[in-house]
Structure formats: structure tokens, C-alpha cells
Amino acid sequence: MTSGARVRRTALAVGTALLLPLGVAQAAPAGDTTGARGIGDPYYPDYGNGGYDVDHYGIHITYKPKTDHLAGRTKITAHATQDLTRFDLDFVLPVSSVKVNGERATYTQGKHELVVTPRQALATGEEMTVDVAYAGKPSTVRSDGVRPWIRTDDGAAAVGEPEIAAWWYPANDHPRDKATYDVSVTVAKSLEVLGNGVLVSHDARNARRTWHWREAKPMAAYLAFFVAGQFDIERSRVDGLPVITAVASHGGREGRYAARDLRRTPSVLRFEAQQYGAYPFDAMGGVAPAADFGFALENQTRPVYTRGFWSTGSNIYVVVHENAHQWYGDSVSVHSWRDIWLNEGFASFTEWLWSEKHGEGTAKQLFRQYWRAYGRGNDMWKVKIGNPGAHNEFHYAVYDRGAMTLQALRTRIGNADFMAVMRDWAAQHQYGNGSIPEYIALAESVSGEDLGSFFDAWLYSDRRPAPTEANGFPPGFRSRVAATERSAVPASWSKIQHTHAVLARVEGR
Ligand SMILES: [Zn+2]
């Protein structure tokens with residue numbers, strides 16, 4: 001994700017994490033056949049659910065933008081991971097029926113949770129299908145203080161992090177439970193619908209058209225999306241994969257810049273594959289709707305961008321950032337939301353690599369520039385980016401101090417070992433999850449060095465790291481900024497700043 005929200009969330013920063021209960025139960029106590037209401041995330045005890053694991057979502061939506069009316073039917077294929085007499089789904093729209101294995105189930109709806117009691121209890125390991133019918137106006141529903149549904153000039157965008165899934169389909173909404181997806185959305189014939197993965201069909205019937213998208217690789221629930229509206233769609237094939245980019249029709253000057261930069265997505269991905277290993281998915285692209293929602297999101301195979309990223313012209317850095325997430329965030333997802341540095345620090349650092357390889361300033365120069373720009377008293381140094389606190393995942397520190405951390409690691413262990421760590425991380429956790437302690441263990445194993453105090457200084461301290469070689473600063477690093485240095489700013493600096501700090505008019509959290 002790239003967002004202006006970070007700046008606004010600063011005040012929530014330090015301290016909140018410690019007050020939250022850690023280690024929420026995920027395994028049921030012996031004899032308990034109730035699926036837990038949360039998967040065990042220390043920041044968000046209600047997120048995800050216990051007792052089952054989803055294999056596939058088959059989602060059918062009919063959507064009318066004018067009234068924001070969404071009617072849906074979702075068929076979930078899952079298997080029980082414990083004996084189950086009752087289980088939860090994360091969902092906020094009004095439900096009209098639930099069937100489990102073809103039989104009507106009883107259910108109740110509370111805050112964020114749909115609690116299902118099947119007629120027949122399920123045994124550990126048993127396959128189950130859960131069929132949920134529902135309808136509502138997603139833009140009107142607020143839950144846990146958020147209302148993430150986005151209405152655009154001519155449609156809607158089901159795009160958000162970490163919340164969005166529960167506003168359009170019932171889910172086990174946590175990155176730890178990945179699944180494959182078939183998403184069909186029916187809209188008026190005058191509209192287009194974009195989604196993840198490959199376009200299976202887009203058949204018209206009477207005045208409507210149904211767009212069927214398929215994501216065949218495991219995907220976290222929040223990365224599933226659809227956007228409906230009037231789009232100019234471009235389709236091609238690159239390296240054997242389908243490329244679909246879409247920019248809002250009548251997008252004006254911003255739309256023209258967006259279209260031009262989104263066309264470069266395949267070459268951005270090729271650059272990133274050279275750094276991190278083969279691209280992990282079956283399709284690529286990007287979507288720029290007619291809306292100002294204040295962020296971009298790394299939706300699997302096809303990121304979605306607010307148009308404001310192109311308000312001052314071309315912006316390839318946001319495309320680099322969101323596509324880097326295809327490795328770090330989408331293929332390798334966080335184990336818990338407190339691991340968010342593994343997403344945002346890594347995607348931000350990839351912008352530095354892009355700058356370095358394209359003659360706009362080296363990562364070493366950018367590291368120096370951040371040091372100059374963010375003095376000792378800056379908020380960036382107060383946020384422990386390895387555990388930033390609930391609702392503080394998108395603080396700019398996680399991005400910018402996060403990228404500095406990786407460049408410092410590169411200096412500390414050398415470029416060859418560093419790139420090996422990055423590639424091994426993507427390969428070892430492909431289509432799965434990873435935590436920061438696991439990443440630290442990998443970096444120590446590849447480099448053969450004890451990096452405990454290094455990572456303490458960069459990830460777990462609320463102070464600026466001392467500029468020592470042990471902390472990954474180059475030999476002879478001058479802490480003080482000389483007057484002669486002030487004019488030597490890397491060419492990419494203002495572009496990365498624009499991408500990272502932009503949009504003050506942000507989604508209302
Ligand atoms: Zn991001």
C-alpha cells in the first residue's frame with residue numbers, strides 16, 4: 001500500500017501495541033468444538049477465524065452503482081481443522097441464508113462476525129461447503145470504526161487494507177488463510193469490471209454483462225478486489241502472461257499519465273524479477289479508477305491506484321512500489337499485521353533499487369538523503385517499525401525507516417549476501433506467510449553474522465540508530481550535514497517523496 005494516511009496516523013503511534021492482549025487463542029481447548037472468533041492476530045483479535053481453512057471462494061455479485069446496491073452469493077470450499085459445531089466468518093452485510101454442505105444452517109450476525117451453526121457437526125479434516133446469500137449497501141456500513149467501501153465517479157472500488165473483504169464477501173479475513181478465487185460481477189452493459197488474475201469471460205445477457213475473473217494462486221482475502229466503472233482497457237501478452245491495464249474513461253490529464261505508466265508494468269516486473277526471482281503469478285496489470293481515495297493497493301496481479309498519484313505528471317515509482325509487493329506482501333504475506341515492515345519497507349526499498357539502476361540516485365545516496373531530511377527529533381525514529389501498533393501499520397516510518405533498514409543491512413552484510421537473503425525469503429515463503437523473527441533468522445543464517453543488535457536498533461528502538469558500522473552505516477559516515485552537501489539531492493528524491501507523502505485528502509479512517 002502507498003498512502004498519505006501514514007502521516008495522519010502518527011498520533012496513534014507509540015505505546016498502543018503494549019496494551020493489547022498478545023497471543024490470542026487460535027487453537028481451541030480440548031473438547032471445545034466452537035471455532036475461535038479470531039485467527040490469533042495480536043493487533044486484531046477479531047480478524048480471521050479459527051477451526052477451518054478455506055481452499056476456494058466462488059463469489060457472485062450483482063452491483064448497481066447508482067444506488068450502491070450489492071446482492072451476492074458466495075460459495076466457500078473449506079476444510080475443518082478441528083471438530084466443529086459452530087464457526088465464524090468475517091462479514092458485515094445483511095445475510096438472508098446460509099447453507100453448510102447443502103443443508104440450511106442457523107446463523108447470527110454481530111459486529112464484524114457471521115456466526116454459523118451447521119445442522120451436522122463437522123469432524124477434523126472434513127471438507128465443507130458454505131453457501132451464503134446476502135444483500136446490502138456496503139458504503140453505509142461502518143464496523144470497527146471504518147467504512148472502507150469506495151464509491152467512484154461512475155462505479156465502486158472494493159479495495160482496502162486491512163479491511164475490505166467483509167464488505168463484499170464473507171471470508172476468513174486474515175493473510176494466514178489464503179485461498180484461490182473465482183469472482184463474477186454482473187453490472188450494466190455500459191460498465192466494465194476489473195478483478196484479480198485472468199479474465200475467464202465477460203458475457204452479455206439482456207442489458208447486463210457478467211465479468212468472471214479467476215485467481216488461481218493462493219491469495220489473502222484483503223487482496224481480492226473488484227472495481228466497476230467506465231474504463232479504457234488495454235490487453236496484451238508479455239513473457240507468456242496476460243497483461244490487463246485499465247484507466248478510467250474521461251480520466252483527463254491524470255488518466256493519460258496513468259495509462260502511460262501502467263503500460264510500463266511488465267518492464268517494472270521484469271526488473272523486479274531480476275532482483276528477487278521469478279514473478280510468482282499468472283497475470284499482471286493495474287487499474288486507475290475515477291476516484292480520489294488517497295492510496296494505491298497491491299491487489300494480487302493487478303494493483304489499484306488513486307488518480308492523485310499522477311497529479312503532477314508521470315509517476316513510475318508508485319508502480320514500482322505496488323508491483324514489488326507481488327513478492328513481498330502478496331506471495332509472501334505477513335504472519336501477523338505487526339509484521340507489516342516485511343511489506344512496506346521492502347516495497348519502498350525497491351523504489352531505491354529502481355532509482356539506483358536507472359541513474360536517478362543510488363540507494364546509498366538516498367539513505368544519506370533520508371538521514372539529512374529526518375533529524376533526530378522526527379517521528380520516524382519514535383515508531384518501532386518491527387511492532388508499530390494496531391492502526392499504525394501505514395505510518396511513514398514503516399516505509400522510509402523501513403527502506404533505510406534494508407539499505408543498512410545491505411551495507412552491513414554486503415550486496416551479494418543481501419540479495420541472496422531477499423531472493424531466499426521470496427522463495428522459501430512463496431504463496432505463504434512470514435514473520436520478522438523468521439526474516440532476521442534467515443539474514444543471520446545467510447550472512448553468518450549475529451544481527452541481533454542491528455535489528456534491535458532499526459526495528460525495535462524508539463530512537464535514531466547510532467551511525468556506526470555495526471548499524472550498517474558506511475565507513476566514514478558523517479552524522480553532521482555539511483553546508484556543501486545540501487544541494488546534492490538525488491534526482492529520485494522528490495519523486496519518491498511525492499509517492500510517499502502525497503495525498504493529504506485521504507480515506508476517512
Ligand atoms: Zn505498500
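All ligand and atom numbering here is 1-based and tracks the order in the structure.
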Worksheet entry | Heavy-atom side-chain contact between H174 and D41 under 4.5 Å | yes
Worksheet item: Do W168 and V183 have side chains that get closer than 4.5 Å, going by heavy atoms?
Response: yes
Pair up each side-chain donor or acceptor in residues 340-353 with any protein partner under 3.5 Å, not counting sequence neighbours, and list the distances.
residue	atom	partner	partner atom	Å
W341	NE1	G402	O	3.1
E344	OE1	H321	NE2	3.2
E344	OE1	H325	NE2	3.0
E344	OE2	M1	N	3.0
S348	OG	E344	O	2.8
T350	OG1	Y276	OH	2.7
T350	OG1	F346	O	2.7
E351	OE1	H500	NE2	3.2
E351	OE2	H321	ND1	2.8
E351	OE2	H500	NE2	2.6

Discussion item. Looking at R410 and E356, is any side-chain nitrogen of the basic one under 4.0 Å from a carboxylate oxygen of the acidic one?
Written reply: yes
Practice prompt. Give the C-alpha distance, both sets of side-chain angles, the deciding distance and a yes or no for ring pair (Phe, Tyr, Trp, His ring centres under 6.0 Å) between W337 and Y47.
Written response: CA-CA 10 Å; W337 282 107; Y47 282 16; 7.5 Å; no
Discussion item. Less than 6.0 angstrom separating the ring centers of Y374 and W381, yes or no?
Written reply: no
Response to the item:
Shell check on the Zn ion (ligand 1): protein N, O or S atoms less than 2.8 Å away are M1 N, M1 O, H321 NE2, H325 NE2, E344 OE1
